[in-house]
A.B. asks: 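I'd like to ask some things about the structure below.
Protein chains get the first letters and strands the later ones, always in sequence-line order, with residue 1 at the start of each. Worth saying up front: this structure is predicted, and the values here are computed from it rather than measured.
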Number of protein chains: 2
Amino acid sequence: MNIGEASSASGVSAKMIRYYETIGLIRAASRTESGYRIYGDDDIHTLRFIRSARDLGFSVEQIEELLALWRDRSRASASVKSVALRHIEELEQKARELHNMAATLRHLAENCRGDQRPHCPIIDSLAEPTQRAAKPKAPPRFGKPDLISDRAARKVKAHRPSGMR
Amino acid sequence: MNIGEASSASGVSAKMIRYYETIGLIRAASRTESGYRIYGDDDIHTLRFIRSARDLGFSVEQIEELLALWRDRSRASASVKSVALRHIEELEQKARELHNMAATLRHLAENCRGDQRPHCPIIDSLAEPTQRAAKPKAPPRFGKPDLISDRAARKVKAHRPSGMR
DNA sequence: ATAGACGTTCCAACGATAGGAAGGTCAATG
DNA sequence: CATTGACCTTCCTATCGTTGGAACGTCTAT
């Protein structure tokens, strides 16, 4: 299977498959004589796993962890559960932040006539020095923020597979 | 007022103030003879406005809109309200996505004993080809995605204020 | 043989923000 | 008057995950 087939079989774009390889999330695929990547069923399985985990909002770093746990068939289910629970917390934290912003704004909007006249509590509130929204330092970002620092970058820069070009 | 004072008066970091200038969100500050940026009360007011809007999750692009509406003292409050309502929709959409992910995971986690034994429905579910999570195409990103394309970039590259260096 | 659908690498962009290097300026102190 | 240290300046890089495109090579079918 070449990368295109692997992509449609797994739901992960070819671009991302290559990317996951460079950051070391998946092992480097073997190649045909002409340099095409070759994938087997195991690889597809892994890619699908990754896809599912991303769909659940896990960061690449967490997926690395999950993959390791997945392959370790004797690990305690507690290990997996703890990763999951931590992630659930984060998801809900973000959801709450967004929800709070929406609620604040909605409240403001309710007091705005929304007609032809200029008076508008929404924009007035933005202009007032009144601080109202709880600002989460780094505003709504995603996939594990911080804590990661340079791992991926190092890997990206590091071993490029002595390319054919 | 120099940039440091403007920063603490407005709650916007000096870095961001300079950035907002390069992308054209705020007008270029005037300078002292030696090249220091100078800010007045109006600028602080604007910066505070921006800060509030960011705290409510508005993207820079939307803030551009809001600033224009703010300065247009004869605009209809309906214009502001419509921007706000659109944004509320987006915030709640994201919140819902995150919440759904959390709910899915939580459900999985509830069926996981979290003990010493290896059996774990969470990781099994990731591994199954069963697709479960609604994948929002581009997973949880933030601040107006897409649609923006190159505006900011162009501005950033464009007019650097004939620097002193 | 040639078209065109694939593959390869490398580079840049998205959005908002922070870190840091290398240098210039300003205030106050010795 | 010189030095110190806190500030300012610009420029470059990184973050995170993903996509787009350029420039080029390969494979397959006509």
A.B. asks: Report yes if a side-chain nitrogen or oxygen of B/Arg31 is closer than 4.0 Å to either non-bridging phosphate oxygen (OP1 or OP2) of C/dT25; otherwise report no.
C.D. replies: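 No, outside the criterion.
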
A.B. asks: In whole angstrom, what separates B/Glu21's CD from C/dA16's P?
C.D. replies: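 Interatomic distance, CD of B/Glu21 to P of C/dA16: 17 Å.
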
A.B. asks: Whole angstrom is fine here: how far is it from CD in B/Glu5 over to P in D/dA6?
C.D. replies: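 The distance from CD of B/Glu5 to P of D/dA6 comes to 16 Å, rounded to the nearest Å.
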
A.B. asks: Scan A/Ile122, A/Leu105, A/Asn100 and name whichever one has a side-chain contact (heavy atoms from CB on, under 4.5 Å) with B/Leu56.
C.D. replies: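 Among the candidates, only A/Leu105 passes.
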
A.B. asks: Check every atom of C/dA16, C/dT8, C/dG7 against the side chain of B/Tyr19 and return the nucleotide holding the closest atom.
C.D. replies: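 Minimum distance to the B/Tyr19 side chain belongs to C/dA16.
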
A.B. asks: If I take atom CG in residue B/Asn2 and atom P in nucleotide D/dT10, what distance separates them, rounded to the nearest angstrom?
C.D. replies: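 My rounded result for the distance is 13 Å.
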
A.B. asks: On DNA chain D, nearest-nucleotide positions of A/Thr32 versus A/Met16: which is more 5'?
C.D. replies: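 The answer here is A/Met16.
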
A.B. asks: Could you tell me how far apart A/Ile17 (CD1) and D/dG17 (C1') are, to the nearest whole angstrom?
C.D. replies: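 Checked: the CD1 to C1' distance equals 15 Å.
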
A.B. asks: Compare side-chain N and O positions of B/Arg54 against OP1 and OP2 of C/dT17 and report whether any pair is under 4.0 Å apart.
C.D. replies: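 For B/Arg54, the contact criterion (side-chain N or O under 4.0 Å from OP1 or OP2 of C/dT17) is met.
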
A.B. asks: Could you give the CD1-to-P distance, from A/Ile63 to D/dC16, as a whole number of Å?
C.D. replies: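 Those two atoms, CD1 and P, are 13 Å apart.
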
A.B. asks: Taking the side chain as C-beta and beyond, is there a heavy-atom pair between B/Leu91 and B/Phe58 under 4.5 Å?
C.D. replies: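 They are not in contact (no side-chain heavy atoms under 4.5 Å apart), so the answer is no.
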
A.B. asks: From the options D/dG17, C/dT8, C/dA16, select the nucleotide whose nearest atom is closest to the side chain of A/Val60.
C.D. replies: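 Looking only at heavy atoms from C-beta outward on A/Val60, the closest nucleotide is D/dG17.
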
A.B. asks: So for B/Lys15 and C/dG20, does any side-chain atom that can act as donor or acceptor lie under 3.5 Å from a complementary atom in the base?
C.D. replies: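 Answer is yes: a donor-acceptor pair is held.
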
A.B. asks: If the cut-off is 4.0 Å, is A/Ser34 near the phosphate of D/dC27, judged by side-chain N/O to OP1 or OP2?
C.D. replies: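 For D/dC27, OP1 or OP2 has a side-chain N or O of A/Ser34 closer than 4.0 Å.
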
A.B. asks: Quick check on C/dT8: is either OP1 or OP2 less than 4.0 Å from any side-chain nitrogen or oxygen of A/Arg37?
C.D. replies: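 True: A/Arg37 side-chain N/O within range (under 4.0 Å) of C/dT8 OP1/OP2.
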
A.B. asks: Can you tell me how far P of D/dG17 sits from CD1 of A/Ile50, to the nearest Å?
C.D. replies: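 Taking CD1 of A/Ile50 and P of D/dG17, I get 12 Å after rounding.
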
A.B. asks: Please report, rounded to the nearest Å, how far the C1' atom of D/dG17 is from the CD1 atom of A/Ile23.
C.D. replies: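 After rounding, the gap between these two atoms is 9 Å.
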
A.B. asks: Is a salt bridge present between B/Arg48 and A/Glu128, judged by a nitrogen-to-oxygen distance below 4.0 Å?
C.D. replies: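 No, B/Arg48 and A/Glu128 are not salt-bridged.
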
A.B. asks: Distance check needed: D/dT19 P versus A/Tyr20 OH, whole Å only.
C.D. replies: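 Checked: the OH to P distance equals 9 Å.
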
A.B. asks: Given A/Thr46, which partner from the list A/Asp43, A/Ile44, A/Ile50 fulfils the side-chain contact (heavy atoms from CB on, under 4.5 Å) test?
C.D. replies: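 The passing option is A/Ile50.
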
A.B. asks: Is any side-chain N of the basic residue among A/Arg86 and A/Glu65 closer than 4.0 Å to the acidic one's carboxylate O?
C.D. replies: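 Salt bridge: yes.
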
A.B. asks: When you measure from the side-chain N and O atoms of B/Ser13 to the phosphate of C/dA18, is any distance below 4.0 Å, counting only OP1 and OP2?
C.D. replies: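 Result: yes.
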
A.B. asks: What I want to check is whether an N or O donor and acceptor connect the side chain of B/Tyr36 with the base of C/dG24 at under 3.5 Å.
C.D. replies: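 Check passes, donor-acceptor contact within cut-off.
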
